[in-house]
Amino acid sequence: SILVMTGIDIWLQDVGTEKLQVPVELAPSTPRPWFCLVIDYPASLGVGGLEGGSLPAYVPFMAIIPALLASVLIFLDQSITARVINVSENKLKKGHGYNLDLLVVAVLIFICAALGLPWMI
């Protein structure tokens, strides 16, 4: 359907449709670094409504608590799903990539968290 509608848009050149203006280079939309800084944000960003723009030193350490809870939640989600699927009635065989699922999820979560992207659906 995307190809058909794109073809119709190209074919009907008299109809004015808005096109998405894509930048030439890949860059963040706001003036920030690619990776999220843990402690020292530049004052120009004004992160969290703080006057100076820098976070207190205890904030990253306090963030460990919900991060550990989220890690346990994801691990349990993967483990319970695998346990439910692997009942003997399904007669599944374990392949070489059986435990690769948890590794891929962990790597993607790490990359998304480091870039400040959402990582949990």
Side-chain angles (χ1 to χ4, degrees):
S1 67
I2 294 174
L3 293 175
V4 169
M5 295 309 292
T6 304
I8 291 173
D9 183 51
I10 292 171
W11 183 53
L12 298 174
Q13 294 179 0
D14 296 338
V15 179
T17 56
E18 287 189 40
K19 306 294 190 281
L20 179 64
Q21 299 298 322
V22 180
V24 176
E25 62 183 21
L26 182 66
S29 58
T30 59
R32 68 170 182 88
W34 276 100
F35 290 99
C36 294
L37 303 174
V38 179
I39 294 175
D40 191 28
Y41 282 96
S44 63
L45 291 179
V47 175
L50 299 173
E51 291 294 326
S54 62
L55 293 174
Y58 66 87
V59 171
F61 300 106
M62 294 300 289
I64 290 173
I65 296 168
L68 287 175
L69 291 174
S71 299
V72 169
L73 176 69
I74 291 170
F75 177 77
L76 288 175
D77 175 49
Q78 294 290 319
S79 299
I80 291 170
T81 303
R83 185 68 74 156
V84 168
I85 289 174
N86 290 325
V87 293
S88 59
E89 293 88 26
N90 291 339
K91 298 177 184 174
L92 298 176
K93 294 180 182 178
K94 294 182 180 180
H96 295 290
Y98 183 74
N99 293 320
L100 188 62
D101 181 41
L102 187 59
L103 176 67
V104 169
V105 168
V107 169
L108 288 175
I109 288 173
F110 178 77
I111 292 170
C112 289
L115 292 173
L117 301 171
W119 50 269
M120 186 81 173
I121 305 173

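Values reported hereafter were calculated over all heavy atoms of this structure, with side chains retained and with hydrogens, waters and symmetry mates removed.
Taking a 6.0 Å sphere around CG of L3, one finds it holds 12 or fewer heavy atoms contributed by other residues, nucleotides or ligands.
One hydrophobic cluster, built from ILVMFWY side chains closer than 4.5 Å, cannot hold both I8 and I10; they sit in different ones. W11 is connected to V4 through a chain of hydrophobic side-chain contacts under 4.5 Å among Ile, Leu, Val, Met, Phe, Trp and Tyr, so both are in one cluster. L69 and I80 fall into different hydrophobic clusters, where Ile, Leu, Val, Met, Phe, Trp and Tyr residues are linked whenever their side-chain heavy atoms come under 4.5 Å apart, directly or through other members. Following chains of ILVMFWY side-chain contacts shorter than 4.5 Å, one can reach V107 starting from V104, so the two form part of one hydrophobic cluster. By the criterion of side-chain heavy atoms lying less than 4.5 angstrom apart, applied directly or through intervening Ile, Leu, Val, Met, Phe, Trp or Tyr residues, L100 is grouped together with L108 in one hydrophobic cluster.
Partners of L73 by side-chain contact (heavy atoms from CB on, under 4.5 Å), not counting sequence neighbours, listed by chain and number: M120. Considering only residues two or more places apart in sequence or on other chains, D9 meets the side-chain contact (heavy atoms from CB on, under 4.5 Å) condition with T17, K19.
Among all heavy-atom pairs drawn from T6 and I2, the shortest one is OG1-O, 2.7 Å. Closest approach of C112 and P118 over heavy atoms only: CB-O, 4.0 Å.
Separation of atoms OG (S71) and CD1 (I64) is listed at 11.0 Å; rounding is to 0.5 Å.
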